[in-house]
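Below: the structure, in structure tokens.
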Amino acid sequence: METNVQRIKHDIEKLAQFTATPGKGVTRFSYTLEDRAARSYIKEQMQQAELAIFEDAAGTVIGRRPGEVEGPAVLVGSHFDSVKHGGAFDGTAGVVVALEIARVLKEENITTRYPIEVIAMVEEEGGRFGGGLLASQAMAGMVTEEMLTESYDAQGVSLAKAMVDFGLNPDIKAAQRRPEELKAFFELHVEQGIILESEGIDLGLVQAIVGMREYEVEITGRPDHAGTTPMNLRADALIAASQVVQQVRQIALDVGGGAVGTVGRLEVLPGAGNIVPGQVRFSVDLRSHEQTALDSLAAKLKKAVQAACKPEGLTYAITDKMNVEPVSLPSHLRDLIAKEAKDRGISTRTMVSGAGHDTQVMATLTDAALIFVPSKDGRSHCPEEWTAYADLKKGADVLLGAVVTMANQISNDI
Ligand code: HGY
Ligand code: MN
Ligand code: MN
């Protein structure tokens, strides 16, 4: 029993067409026309695979293949939203592989003991509203009303309004899954790093995923005429913001142990060459595999913002956009996957993930596993992102084996 690489290739290429920036990578934000087109395609594929289709309150598309008994389901999937000008494989590869697994089970007429669900998640990247991991956090009951009403896109549309306008159930709590109805969650994802390719290894078995804190920082001064306002009378928000940007790098270096800090987006307002910046809004993304280090990064950031603003007489606001803990993933699922790989002559190595993934949130609900396939030149979050289809097929075959094995493993029926 194996997956069909032509169908995998076809789905990846088809889904890459649903982008707001044709010719400049994949830009597929949640609850947009591109989302609508991609989700319709995913539903069509689920229909052909004879899955029962359901969309949860966050907009995640779920295709369920019944088991012999009503029992805890094995979930397999990833996300199908993207970053701005991203690649065709980040998230999408995991959704496509899950669709292919469902097609093979239908073709081979295989019914496992327990149900299997194909999961196509939304808003993992936070590309439109900031934050991210929305779908998995909704399943884990971690999404608050405030996260929905207080998150806005560049046009000032709130996440809550975008979801309702998209036709979704406004009660996000309805997306919550009960641990007892879940048996395991599997995600295949492109590595987005250079290790597998440089070592010539086929699959990465992820043992830990980095913890992430994301903030929106807003520093407010006073817009003034750039020509007539003396230097000592200014409240220039960009002066303080630029100090904080420098500090984000220093904080990560000081905390060390692989900690990283990034300011990926910065907006100067009103944003004209002859106006002293009245306000600056910017993102801060802090990560570490250690919870204590993550806490230290966050505390140092807040101190840096205060130290930069006070002498300049500026005010500031720091809004939490995301706070997910570092996780270690259960070794028994890794062992199961390693055996499936070995049986197929596919090489593996354990590794950690510097990228965040829905798996780390699903791990709070059920046993979760994340496997990586190689990324060409380690590139991701860019149009150049690429994974060879033969590599994708290796991951898909191993995941097919692991999902079926897990869905047949007797456990306490609900
Ligand atoms: O940012 C991340 O690590 C993931 O790509 N959302
Ligand atoms: Mn990503
Ligand atoms: Mn991703």
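As the structure lists them, so they are numbered: ligands from 1, and atoms in each ligand from 1.
Closest protein heavy atom to atom 1 (O) of ligand 1: Arg287 NH2, 2.8 Å.
Ionic pairing of Arg7 and Glu107 is present here: one or more N-O contacts between side-chain nitrogen and carboxylate oxygen are shorter than 4.0 angstrom. Note on Lys393 versus Glu2: salt bridge recorded, some NZ/NE/NH1/NH2 to OD/OE distance being below 4.0 Å. Using a 4.0 Å cut-off between a side-chain N of Lys or Arg and a carboxylate O of Asp or Glu, Arg379 and Glu385 do not qualify as a salt bridge. Residues Arg128 and Asp153 are paired through a salt bridge, judged by an N-O separation under 4.0 Å between the basic side chain and the carboxylate. The pair Arg64-Glu70 counts as a salt bridge, with a side-chain nitrogen and a carboxylate oxygen less than 4.0 angstrom apart.
Residue Gly356 has at least one nitrogen or oxygen atom sitting less than 3.5 Å from a nitrogen or oxygen atom of ligand 1, judged on distance alone. Below 3.5 Å of separation, one finds an N or O of Glu125 facing an N or O of ligand 1.
If you check the side chains of Thr319 and Glu216, you find no donor sitting under 3.5 Å from an acceptor. Of the N and O atoms on the side chains of Thr144 and Glu146, not one donor lies less than 3.5 Å from an acceptor on the other residue.
If you look at Gln360 next to ligand 1, there are no close heavy atoms at all, none under 4.0 Å.
Near Glu124, meaning under 4.0 Å from one of its heavy atoms, ligand 1 places the atoms 4 (C), 6 (N). For ligand 1, the atoms closer than 4.0 angstrom to any heavy atom of Ala355 are 3 (O). Near His381, meaning under 4.0 Å from one of its heavy atoms, ligand 1 places the atoms 5 (O).
Exactly one residue among Asp285, Asp320, Asn323 makes a side-chain hydrogen bond (donor to acceptor under 3.5 Å, both in side chains) with Arg213. That residue is Asn323.
Atoms of the protein (N, O or S only) found under 2.8 Å from the Mn ion (ligand 3) are His79 NE2, Asp90 OD1, His189 NE2.
In this structure, the side chains of Leu134 and Val143 come closer than 4.5 Å at one or more pairs of heavy atoms.
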